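Worksheet: the structure to be examined is printed underneath.
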2 protein chains.
Amino acid sequence: MEDRYEGLKLGNQLCFPLYACSREIVKKYKPFLDELDLTYTQYITMMVLWERGQINVKELGECLYLDSGTLTPLLKKLEMKGWVTRQRAKDDERVLIVTLTGEGRKLRERAAEVPAKMSCCVKLSPEETQTLYSLLYKLLGDCC
Amino acid sequence: MEDRYEGLKLGNQLCFPLYACSREIVKKYKPFLDELDLTYTQYITMMVLWERGQINVKELGECLYLDSGTLTPLLKKLEMKGWVTRQRAKDDERVLIVTLTGEGRKLRERAAEVPAKMSCCVKLSPEETQTLYSLLYKLLGDCC
DNA sequence: TAAAACAAAATTGCATGCAATGAAATTGTG
DNA sequence: CACAATTTCATTGCATGCAATTTTGTTTTA
């Protein structure tokens, strides 16, 4: 009577392909991001900043599903590279505002090539990609 | 002409929901795995061992998409907890064989509850879950 | 208004992940 | 057979992730 363990198989839990896929895709980014001197997490942080120009740590954390324990050291590194500045909000000293610099904005030019370079190694049809995309956001929204 | 940056938006790249979803789901497991004194990575390692009883590090790495840099310290921890043993293969000393212990097998009893507990926080229909599942494995197989 | 409650970041400690390198054993080759 | 190439695992170094705690600042409340 092995049935009671059926759900415990690696192949029967959604979490595993999610986990594995996520890491494998991030790994695919590495050669492209290395050229920009960015890690994957730094890259998605810069994506937010390229769109918004400025954001505080709390909001950034909500965008990326990351907390200050991860973001604080990461943002210090981006600051050292000269791509962002970090300063306290004048009206509320608790809040740290991260601002894209001119150099940071320049990086966007080179980063603009990355999505196209990546897309060719995703072997799903546009419809499949769209479906996957919707399901992931549904999962992210409902459960997480 | 912002179009040239369209692909750079966080919401337009498959990688991001994958990455975020994976971490959020793993986080959901934490309270259940804490009860078993397992981390998520230790949990999926034990799942392989519960199915196979014995496996070497190379094959385990292929199953989990992890390398020895991650697995070696993790397996030492599982060994210290008494759930696995680690010994070299007699016919090839390079190979390290990981074997489930009696105690390790007992843990399966308690772990058998985990998938059911988790499933109720995944708000996708069975069809959607199946679709997501297939697409993830397709992506994992083709591209990764 | 003083103290308590709350909020936002920073810090700390631990466990991954992973690239790069090293060490030991095995295999292939001239 | 000797030795180079390969294979397998271990080690090292760095960058996350994240829970828990601390620090600093703001808001609420008695």
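Letters go in sequence order (proteins before strands), and every chain restarts at 1. This is a predicted model, so every value here is computed, not measured.
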With [X], which residues qualify under side-chain contact (heavy atoms from CB on, under 4.5 Å), at least two apart?
X: B:Q42; value: B:L38, B:T39, B:L74, B:K77, B:L78, B:K81
X: A:S119; value: none
X: A:Q87; value: A:T85, A:T99
X: A:E113; value: A:K117, B:R4

inquiry  = Let me spell it out: for each of A:V57 and B:D67, pick the nucleotide of DNA chain C with the closest heavy atom. Which residue's pick is nearer the 5' end?
reply    =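 Between the two, 5'-proximity favours A:V57.
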Just the rounded figure in Å: distance from [atom2] of [N] to [atom1] of [X].
X: A:Q87; N: C:dA8; atom1: CD; atom2: P; result: 18 Å
X: A:K58; N: C:dA8; atom1: NZ; atom2: P; result: 4 Å
X: A:L60; N: C:dA10; atom1: CG; atom2: P; result: 11 Å

inquiry  = B:F16: which residues meet the ring pair (Phe, Tyr, Trp, His ring centres under 6.0 Å) condition with it, sequence neighbours left out?
reply    = none
ask   = What residues, two or more places apart in sequence or in another chain, satisfy ring pair (Phe, Tyr, Trp, His ring centres under 6.0 Å) together with A:F32?
value =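 Expected list: none.
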message = Can you list, in residue-number order, the parts of residues 68-79 of chain B that come under 4.0 Å of DNA chain D, counting heavy atoms only?
response =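 Heavy-atom cutoff 4.0 Å gives B:S68, B:G69, B:T72, B:K76.
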query = Counting only non-hydrogen atoms, which of residues 40-48 of chain B are less than 4.0 Å from DNA chain D?
reply = none
Is [Y] paired with [X] through a side-chain N to carboxylate O contact shorter than 4.0 Å?
X: B:K106; Y: B:E103; answer: yes
X: B:E62; Y: B:K58; answer: yes
X: B:K27; Y: B:E24; answer: yes

task = For the residue pair A:S125 and A:E127, confirm or rule out a side-chain donor-acceptor distance under 3.5 Å.
result =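 A:E127 and A:S125 do have a side-chain donor-acceptor pair below 3.5 Å.
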Any protein N or O atoms within reach of nucleotides 21-26 of chain C? Criterion: under 3.5 Å, listing atom names and distances.
{"residue": "C:dT26", "atom": "OP1", "partner": "B:E93", "partner atom": "N", "Å": "3.4"}

ask   = Hey, where on DNA chain D does chain B first and last touch, going 5' to 3'? Cut-off is any atom under 4.0 Å from a heavy atom.
value =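 For DNA chain D, the relevant span reads D:dT7 to D:dA19.
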inquiry  = Just to verify, which of A:Y65, A:Y40, A:Y43 counts as forming a ring pair (Phe, Tyr, Trp, His ring centres under 6.0 Å) with B:Y19?
reply    =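 Running ring pair (Phe, Tyr, Trp, His ring centres under 6.0 Å) over A:Y65, A:Y40, A:Y43 with B:Y19 returns exactly one hit, A:Y40.
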inquiry  = For A:T72, give me all partners under side-chain hydrogen bond (donor to acceptor under 3.5 Å, both in side chains), at least two apart in sequence or on another chain.
reply    =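 With sequence neighbours excluded, A:T72 shows a side-chain hydrogen bond (donor to acceptor under 3.5 Å, both in side chains) to no residue whatsoever.
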message = Going by salt bridge (charged side-chain N to carboxylate O under 4.0 Å, His left out), name the residues that satisfy it together with B:R52, two or more places apart in sequence or in a different chain.
response = B:E59
message = Just N and O in the side chain of A:R86: are any of them under 4.0 Å from OP1 or OP2 of C:dA8?
response =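 Checking A:R86 against C:dA8: no side-chain N or O falls below 4.0 Å of OP1 or OP2.
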